[in-house]
Structures are given as C-alpha cells and as structure tokens.
Number of protein chains: 2
Amino acid sequence: MGRNSRKVEILHAASKVVSEQGIFNLTLDATAKEAGISKGGLLYHYPSKEALVQGMVEHLANNYREKIANNAEADPVDKGKWVRAYVDVTFNQAYQNKDMHYGLLAAKAVSSNSLDPIRELYTEWQHEIEHDGIDPIKATIIRLATDGIWLSELFDIYHIEPEKKEAVYKKLKDWANESD
Amino acid sequence: MGRNSRKVEILHAASKVVSEQGIFNLTLDATAKEAGISKGGLLYHYPSKEALVQGMVEHLANNYREKIANNAEADPVDKGKWVRAYVDVTFNQAYQNKDMHYGLLAAKAVSSNSLDPIRELYTEWQHEIEHDGIDPIKATIIRLATDGIWLSELFDIYHIEPEKKEAVYKKLKDWANESD
DNA sequence: ATTACTATACTATCCAGACGGTATATTTTT
DNA sequence: AAAAATATACCGTCTGGATAGTATAGTAAT
C-alpha cells in the first residue's frame with residue numbers, strides 16, 4: 001500500500017496492452033498477464049473491466065492535472081502561464097508516457113461517462129486559459145493547435161518533421177508571451 | 001448497382017452503430033441489423049469485419065478528399081486556398097456527417113494499417129498547406145488548431161461556446177488571408 | 001485474525017466466420 | 001425462342017473459440 005501500489009502497476013499494464021495490441025485486445029486476461037498477476041488478482045483490485053478503464057482515466061487525469069499545475073506555478077511570469085504550461089507539458093512530457101492516449105481510447109471505447117474525468121479536466125483548463133491575461137481567442141487557438149499535435153500522435157496519422165514541430169512549438173510559445 | 005449501392009448503405013450503418021453503441025458493439029450482427037440485411041448478406045459484400053472497417057475508412061477518405069479539393073478549386077484567391085478549404089470543410093461540413101469520426105475510431109481499434117488511407121490523405125494535405133503561398137509554420141498552426149476542434153468533437157471532451165468557436169473560425173480564416 | 005492478495009476452476013455469453021441454401025437476373029447454347 | 005448455365009445478391013443456422021465475470025480455496029503480511 002505504501003509504495004507504488006499494485007493498482008498503479010495494473011493501470012500501466014493495461015496501457016501497455018492497448019498500446020501494443022490495440023483496444024480490442026484489452027482483455028482482463030491480457031492485462032493480468034502483462035501485470036504479472038492472475039486474473040483473480042486483477043479482479044480483486046478492479047472488479048470489472050469498466051472499473052479498470054475508469055481507473056486508467058482517473059489516474060491519467062490526475063497526473064496530467066498535476067503536471068500542468070506544477071508547470072504553471074513554477075512560471076515566474078504570471079501572464080500566459082497556463083497557456084505556456086499546456087503547450088510545454090503536451091509537447092515535452094505527454095509523449096514519453098502515452099498513457100493519456102491509450103486511456104482516452106479505452107474510455108471512448110468502453111462508455112461515454114468514463115470520459116467524465118477528462119471532461120472536467122478540460123473545463124478547468126479552458127477556464128484558466130481564457131483568464132490567463134492574454135487574448136482569450138488567441139489563447140484558445142494556441143491550445144487547439146497543441147491538441148492538434150496531440151491528435152496526430154494519438155492516431156499516428158501524420159508526422160511533422162521534428163524541425164517543423166520545433167518551429168511550431170516556438171511560435172506558439174512566442175504567442176503565449178506576447179502582450180496581446 | 002446503378003444507385004447508391006448497397007455497400008455504401010452498409011458503411012453508413014456501421015458508422016451509426018459505432019456512434020450509437022460504441023466501438024465494442026461494432027459487430028457483424030449489429031451492422032447487418034442496422035443495415036436491414038442478414039449477416040450472410042453483409043458478409044457477401046464485406047467478407048470480414050476488417051474488410052468492413054477498411055471500406056469505411058476508404059469511403060470517408062475519398063469523401064473528405066473530394067470536399068476539400070472542390071472547396072480549394074472554387075476559391076477565387078489562390079494564396080491560402082488550401083488552408084481555407086481545410087478550415088472551412090472541417091468547421092462547416094465535417095460535423096454534420098460524423099462518419100469521419102467513427103470510421104477513424106473503428107480503424108484505430110481494428111488494426112494499424114487500416115489507417116493508411118487517412119495517412120496518405122493527410123500527407124497530401126500537409127504538402128498543399130505548406131505550399132499554399134503563406135508562411136508554412138503559420139499555415140501548419142492553422143491546420144493544427146482546426147484539428148484541435150475536431151479532436152474535441154471526436155471525443156466529445158469539451159464544448160467551446162458557439163460564439164467562441166465562431167471567433168476562432170474567423171481568426172483562423174483571417175490568418176489564412178494575410179499576406180505574411 | 002484480519003486484510004491483502006493469489007490461483008484455479010468454472011459458467012454463460014458473445015461473436016466471427018463458414019456453409020448450405022434460395023431467388024432472381026443475365027448470358028450462352030442449341 | 002426455349003433450355004441450360006452462370007452470376008449476383010442475398011438468407012439463416014451452426015460452431016469453435018474467446019471472454020467477462022463468479023466461486024472458492026487458498027497464502028502472506030501486519
């Protein structure tokens with residue numbers, strides 16, 4: 001219970017299954033096997049598949065929320081700090097650990113309300129971004145463009161060359177720094 | 001054979017199943033029932049579930065490609081016409097018929113290469129957008145922001161108020177018109 | 001001794017795909 | 001033109017394998 005509890009390990013295993021074998025293979029058996037426990041053990045922690053997916057979503061939402069909040073807090077400049085935090089975290093941190101992607105896909109596949117924690121999160125961020133001291137429409141566009149990058153990674157649809165991606169990142173950051 | 005062939009009707013039925021019941025319920029039975037034919041009849045047209053999803057993806061990719069191309073061709077101003085076409089179609093036409101969404105989700109769920117037609121499509125567009133007479137980075141950002149809107153609709157994650165969405169749309173169009 | 005956890009065995013359901021048939025054109029042969 | 005052959009477009013049933021979830025009998029730790 002004290003350490004990185006088993007429940008979190010199971011969540012990571014589930015993400016790994018989705019990432020390597022696709023949503024349709026996110027079965028209780030596959031997750032248990034990946035986590036190195038028995039199916040019974042898995043069901044002890046998450047009594048149903050839906051509960052497992054719910055756990056994935058809640059975990060990633062909390063993680064993401066914390067990352068962005070920390071990033072915004074650490075920013076010495078107040079104006080535009082939430083927008084910058086959103087851009088920074090999504091560009092630089094979200095890709096290492098793609099749990100966000102797979103959790104989202106799993107949640108979308110399983111049921112509509114399993115996405116509720118994500119909805120809540122986005123509502124919070126949208127509020128911060130619109131009251132961040134910069135033009136709210138411009139701030140929203142910066143955020144949307146960041147989401148666009150994220151979409152392309154999520155579906156693995158197209159790849160912007162690294163230099164181009166870097167240039168996009170720089171320009172978005174510039175905009176988040178401009179007075180208006 | 002002459003009219004809106006049965007195969008297309010089946011594709012729409014499959015999209016409807018995904019939209020109303022989620023990916024996990026995209027079964028051959030459910031699709032057949034929705035299309036008003038028997039399972040055997042369905043399998044006559046699409047010999048496997050994978051073939052069905054492949055059909056969905058190809059159909060929506062062709063549709064989308066055509067829409068954007070028509071829009072770009074109809075634009076009297078050459079500079080920025082592809083960017084404007086992308087923004088216009090995605091904002092104003094893609095949402096009515098959400099086949100794009102569900103087809104994409106189904107493809108992502110089924111297998112990696114079933115997304116190939118979409119990849120090809122995006123590669124084409126990216127090329128046009130980067131050679132559209134406006135700053136390629138700015139053009140890319142406009143496109144990414146448009147994708148961001150699309151992501152939010154796809155996952156039904158958050159809703160920007162209509163006036164705000166309209167303002168975003170206007171600003172993106174403005175940018176696509178600037179000389180820069 | 002209670003809690004946290006594991007493992008095995010089992011049930012009931014679901015689903016993809018195969019298969020054998022039917023009905024109705026269309027084409028070819030005679 | 002009649003008969004025979006072929007192609008197209010379905011229908012309904014069956015089966016084998018997979019899967020969610022249950023039941024239960026345990027073990028290890030605190």
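Chain letters run A, B, ... following the sequence lines, proteins first, then strands; residues in each count from 1. From a predicted model like this one, the values you see are computed outputs, not experimental measurements.
- Relative to the ring axis of B:Phe24, A:Lys49 places its NZ or CZ within 45° and under 6.0 Å from the centre.
- For the OP1/OP2 pair of D:dC10 and a distance below 4.0 Å, the side-chain nitrogens and oxygens of B:Arg6 include at least one atom meeting the criterion.
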Under 3.5 Å, which donor-acceptor pairs link side chains of residues 69-76 of chain B to any protein atom two or more places apart or in another chain?
from, atom 1, to, atom 2, distance (Å)
B:Asn70, ND2, B:Glu66, O, 3.4
B:Asp75, OD1, B:Val77, N, 3.0
B:Asp75, OD1, B:Arg84, NH2, 3.4
B:Asp75, OD2, B:Arg84, NE, 2.8
B:Asp75, OD2, B:Arg84, NH2, 3.2

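- Taking atom CG of B:Asp29 as the reference point, atom P of D:dC11 lies 13 Å away to the nearest angstrom.
- Spacing between atom OH of A:Tyr46 and atom P of D:dT22 amounts to 18 Å, rounded to whole angstrom units.
- Checking C:dC15, C:dT6, D:dC11 against the side-chain heavy atoms of B:Thr27 singles out C:dC15 as nearest.
- No donor-acceptor contact under 3.5 angstrom links the side chains of A:Tyr86 and A:Asp132, judged on distance only.
- Between A:Ser38 and C:dT6 there is no side-chain N or O to OP1 or OP2 distance below 4.0 Å.
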Hey, what are the protein-to-nucleotides 17-23 of chain C N/O distances that come in under 3.5 Å?
from, atom 1, to, atom 2, distance (Å)
C:dG17, OP2, B:Lys49, N, 2.9
C:dG17, N7, B:Lys39, NZ, 3.4
C:dG17, O6, B:Lys39, NZ, 3.0

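- For B:Tyr44, a side-chain nitrogen or oxygen approaches OP1 or OP2 of D:dA9 to under 4.0 Å.
- In this structure, the NZ atom of B:Lys7 is 12 Å from the P atom of D:dT8, given to the nearest Å.
- Look at B:His45 and you won't find any side-chain N or O under 4.0 angstrom from OP1 or OP2 of D:dT8.
- Judged by distance alone, the side chains of A:His131 and A:Trp82 never bring a donor and an acceptor atom under 3.5 Å apart.
- In this structure, B:Leu42 atom CG and D:dC10 atom P are separated by 11 Å, rounded to whole Å.
- A cation-pi arrangement is not found for B:Arg65 relative to B:Tyr122, the charged atom failing to lie both closer than 6.0 Å to the ring centre and inside a 45° cone about the ring normal.
- Following rounding to the nearest Å, B:Asn25 (CG) and C:dC15 (P) show an atom-to-atom distance of 7 Å.
- For B:Ser48, the side-chain contact (heavy atoms from CB on, under 4.5 Å) criterion is met by B:Glu50, B:Ala51, not counting sequence neighbours.
- Here the rule is side-chain contact (heavy atoms from CB on, under 4.5 Å) with A:Thr146, and of A:Val83, A:Val87, A:Asp88 only A:Val87 fits it.
- Nucleotide D:dT19 holds its P atom 12 Å from the NZ atom of A:Lys33, rounded to whole Å.
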